[in-house]
Amino acid sequence: MKRLRGFVMLEVVAVVVVLAGLTLAAVPLGQSVIRRNQETKFLETMREQWGLLGMKAYATHKIGTMSVNDEARQVTFSLFNGSKRILPFPPSLKYDDKIPTKTTREPSGKLKGNRSVNFLSQDGYYWHITLQFEWGRFLFQKVPKH
């Protein structure tokens, strides 16, 4: 009698269970990576827009403003002449200051208003943004939640 070669049903089920377990474990990790990527891209875009705002303020001799609106979930960069750039928050970030942030950048480079912004990530840490020096160096760092 010839013996048939192949897998027993129990072996097939065991492989499917292991693959399903690995898939379920990878989904939250993948979502966390996507959130961090969106947050970093948002902060890098904020940094770029802050730099552009400074250059435009200097070139046009107009006052530039960066304001954070928690209700609208956006950061607005605007010049005194009315030009605006609106940057929406990623879904995983929450503005974490009690008062709205408004920082004014004069053509001379002087800063007025808030010099720091805090966002709380869904992953349980803060993004702390600091505007330093007269031309407003833009620093952001990831800080663990206390």
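Side-chain atoms are counted along with the backbone in the values below, which use heavy atoms only and exclude waters and symmetry mates.
Between Ile63 and Thr104, the shortest heavy-atom contact is CG2-CG2, 3.0 Å. Contact detail for Phe138 and Leu43: the closest heavy-atom pair is CE2-O, 3.9 Å. Pro107 and Ala57 make their closest contact through CB-O, 3.4 Å (heavy atoms, listed as atom of the first residue, atom of the second, distance). Shortest non-hydrogen contact noted between Ser116 and His128 is CB-CE1, 3.8 Å. Taking each heavy atom of Ala25 and Pro28 in turn, the nearest pair found is O-CD, 3.5 Å. Here the shortest heavy-atom pairing between Tyr125 and Val143 reads CB-O, 3.3 Å.
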Fill in: Derivation of the side chain to side chain contact (heavy atoms under 4.5 Å, CB included) call for Trp127 and Thr40
CA-CA 9 Å; Trp127 287 106; Thr40 304; 4.2 Å; yes

Worksheet item: So Asn118 and Ile129, side chain to side chain contact (heavy atoms under 4.5 Å, CB included) or not? Walk me through it.
Response: CA-CA 6 Å; Asn118 291 306; Ile129 299 167; over 6 Å; no

Discussion item. Does Phe140 form a side chain to side chain contact (heavy atoms under 4.5 Å, CB included) with Glu44? I'd like the steps, not just the answer.
Written reply: CA-CA 9 Å; Phe140 63 88; Glu44 286 290 345; 3.6 Å; yes

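Here CG of Leu93 is found 9.5 Å from CD of Gln122. Values are rounded to the nearest 0.5 Å. One finds the CG atom of Leu87 at 10.0 Å from the NZ atom of Lys41 (value rounded to the nearest 0.5 Å). Atom OG of Ser83 is separated from atom CZ of Phe77 by 12.5 Å, given to the nearest 0.5 angstrom. Note that CG of Asn114 is 5.5 Å distant from OG1 of Thr103, once rounded to the nearest 0.5 Å. Put simply, CZ on Arg105 and NZ on Lys56 are 12.5 Å apart, with the number rounded to the nearest 0.5 Å. Glu48 contributes atom CD, which lies 9.0 Å from atom CZ of Arg85 (distance to the nearest 0.5 angstrom).
Cluster annotation: Leu79 is connected to Met66 through the hydrophobic network of ILVMFWY side chains, with a link wherever side-chain heavy atoms come within less than 4.5 Å.
A donor-acceptor distance shorter than 3.5 angstrom exists from the side chain of Glu11 to the backbone of Val8, with no hydrogens or angles considered. Under the 3.5 Å distance criterion, the side-chain polar atoms of Asn69 are matched with a main-chain donor or acceptor of Ala72. When atom types are taken as modelled, the side chain of Arg73 and the backbone of Lys94 share no donor-acceptor pair closer than 3.5 angstrom.
Both tests do not hold together for Lys62 against Phe80: distance to the six-membered ring centre under 6.0 Å, angle to the ring axis within 45°.
A salt bridge links Arg35 with Asp123; the closest basic N to acidic carboxylate O contact falls under 4.0 Å.
Judged purely by distance below 3.5 Å, without hydrogens or angles, the side chains of Ser92 and Glu39 pair a donor atom with an acceptor atom.
Ring pair Phe119/Phe89: centre-to-centre distance below 6.0 Å.
With respect to Val75, the side-chain contact (heavy atoms from CB on, under 4.5 Å) criterion is satisfied by exactly one of Phe42, Trp50, Tyr95: Phe42.
Taking the side chain as every heavy atom from C-beta outward, Val33 and Arg36 approach each other to under 4.5 Å.
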